[in-house]
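What follows is a short report on a single structure.
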Protein chains: 2
Amino acid sequence: MPKLDESLLSDLPPFCLLEKSQIREILDRAVSRRYEEGSAIFREGHDADRFYLLLDGYLRVVRTTPGGDQIIVLHISPGQLFGIAPALQRDTYPATSIAAAESIALSWPTSLWPEFVANYPGFATESYKTLGQRLGQIQDTLTEMATQAVEKRVACALLRLVNQTGRKTEEGIEIAFPVTRHDISEMTGTTLHTVSRLLSSWQKDGIVQSTRKHIVVTAPHRLVVLSGIEG
Amino acid sequence: MPKLDESLLSDLPPFCLLEKSQIREILDRAVSRRYEEGSAIFREGHDADRFYLLLDGYLRVVRTTPGGDQIIVLHISPGQLFGIAPALQRDTYPATSIAAAESIALSWPTSLWPEFVANYPGFATESYKTLGQRLGQIQDTLTEMATQAVEKRVACALLRLVNQTGRKTEEGIEIAFPVTRHDISEMTGTTLHTVSRLLSSWQKDGIVQSTRKHIVVTAPHRLVVLSGIEG
DNA sequence: TCCGGAGTTTGTTTCAGAGCAACGTTCTGT
DNA sequence: ACAGAACGTTGCTCTGAAACAAACTCCGGA
């Protein structure tokens, strides 16, 4: 493995307060690995033996029911920590992480977590902040799921993707990684059929433009209206 | 305020590793307060200026949508920490806490949190464990909400209440605090009408027995079957 | 003791969205 | 270049549960 460059970490929230030498230390103990689209980084229920940082790509965090249904709990973007079960004193991962696009992640053995927290100022703080945001976000999703009709949920899901990973293009804002109708149905607790119909109708209305695994939102404001947020 | 007894804390997970003198210290800085049924301990969006420990009673943790719909995210039982936004570097509470029955809670100013974490061994660990469990639990609820039909969700909700707060009686297991049909509908994202119908039909089948604000599960095993869990 | 409100029950109507089915299209590997 | 798989679209049917409506019961307070 080639030596990793310090600039990989030096701007990220959990590490930005650190000395160069500390970042070097952290990187020297990290394992870097590439994951191809569709492959799992770790799986629900397995031993939480490592924690991770996503350098490049996008992940889906997924839960599976006993009945075999899946749902996407959240997405991870570059720069975020994930698989941080050790932070919560868990010895097993509570969900599965799948690369939604080709991705690269660093990882460290769980046993280093306490040391990171103790030695690197700002690391604990930032990690727990991430956790707090994630908890809030899941509560939002739960509330939405419990109270909103399918159309609004799908609109919200799309907006979340756009906010988190949107890239500006000529035609509008494009979601930066492959998303299928089926993925969106697993984010919103509906069927791919319903998602397909909604997307078709929005396309007719000029709100989105989509091809296979690829969505561009051309009129975000109209989607916001549909989502029923804001006053 | 009368001096609080040390035995209040000495057996609880976050404090059980501590010296007597430390527990004394903690209690001396705590404020104890009674909340009557239906009153709020704190509200969503407000300054997270204190964190809490429930000594007696039961709480509902509730979120409200812009549209005015409410949903119950989780319940708090005696002995649990709550309102621990500071642990997640949040400066505002992400949800509202309501006393589901007459309750008593201790609280401390948020500014003491770092000190508790630093000085009291096991405190941080246990708090984060709680958080981890709560995160997992909410993910469960979300998954359930997204994939299961109403009947299963209501069965699950009832089982969760029973597991968390159930008290054995002659007729079966009784939920230890007042729960209305409406409450259950807010736990499951349905209407009180549907909950009422389900409960009636279960009563006919001898699975539950309920009067106003009061539910006894007489055949938990049959509820488990309905909930569709287990292998 | 009577009133009013909160909680519950039950009936009827309505429709969003799941389920099923069939087909079209674009990719991948050989 | 072809077969098969993965992804997407669309029409039709049917049902679970929301919406609407109306009473009934219990409880606390004046």
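Naming: A, B, ... by sequence-line order, numbering from 1 per chain.
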Of all residues at least two apart in sequence or in a different chain, which pass the side-chain hydrogen bond (donor to acceptor under 3.5 Å, both in side chains) check with [X]?
X	answer
Ser107(A)	Arg50(A)
Ser196(B)	none
Thr92(B)	none

Under the ring pair (Phe, Tyr, Trp, His ring centres under 6.0 Å) rule, what pairs show up with a residue in residues 148-189 of chain B, not counting sequence neighbours?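 Found Tyr58(B)-Phe177(B), His75(B)-Phe177(B).
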
Could you note down all residue pairs passing salt bridge (Lys or Arg N to Asp or Glu O under 4.0 Å) where residues 187-196 of chain A supplies at least one of them, sequence neighbours left out?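 Counting only pairs at least two positions apart or across chains, no salt bridge (Lys or Arg N to Asp or Glu O under 4.0 Å) contact touches residues 187-196 of chain A.
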
Tabulate protein N/O versus nucleotide N/O from nucleotides 24-30 of chain C, keeping only pairs under 3.5 Å, one per line.
none

What is the 5' to 3' range of DNA chain D, first to last nucleotide, that sits under 4.0 Å from any heavy atom of chain A?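 That gives a stretch of dA6(D) to dC12(D).
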
For the helix from dT1(C)-dA30(D) to dT30(C)-dA1(D), what is the angle between the axes at its two ends, each from 5 pairs, rounded to 10°?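 Angle reported: 50°, given to the nearest ten degrees.
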
Return the set of residues passing ring-ring contact (aromatic ring centres under 6.0 Å, His included) with Tyr52(A) (not counting sequence neighbours), or none when no residue passes.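 Only Phe42(A), Phe82(A) meet the ring-ring contact (aromatic ring centres under 6.0 Å, His included) criterion with Tyr52(A).
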
Measuring from the side chain of Ser196(B) (C-beta onward, heavy atoms only), which nucleotide among dG19(C), dG11(C), dT9(C) has the closest atom?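 In terms of side-chain proximity for Ser196(B), the closest of dG19(C), dG11(C), dT9(C) is dT9(C).
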
Out of dA18(C), dT8(C), dG11(C), which nucleotide sits closest to the side chain of Val150(A)?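 For Val150(A), the side-chain atoms sit closest to dA18(C).
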
Between the base of dT10(C) and the side chain of His193(B), is there a donor-acceptor distance below 3.5 Å?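 Pair found.
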
Residues of residues 174-183 of chain A with any non-hydrogen atom less than 4.0 angstrom from an atom of DNA chain D: list those, numerically ordered, please.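 Heavy-atom cutoff 4.0 Å gives Thr180(A), Arg181(A).
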
Identify, residue by residue, the members of residues 152-161 of chain A with a heavy atom below 4.0 Å from DNA chain D, and return them in order of residue number, or none.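 When residues 152-161 of chain A is checked for heavy atoms under 4.0 Å from DNA chain D, there are no hits whatsoever.
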
Keeping to residues at least two apart or across chains, list the side-chain hydrogen bond (donor to acceptor under 3.5 Å, both in side chains) pairs with something in residues 142-155 of chain A.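 The answer is Glu144(A)-Arg160(A).
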
Using the rule given for side chain to side chain contact (heavy atoms under 4.5 Å, CB included), can you reason through Ile173(B) versus Arg167(B), listing the C-alpha separation, both sets of side-chain angles and the distance that settles it, and then say yes or no? CA-CA 5 Å; Ile173(B) 309 177; Arg167(B) 267 196 312 230; 5.8 Å; no

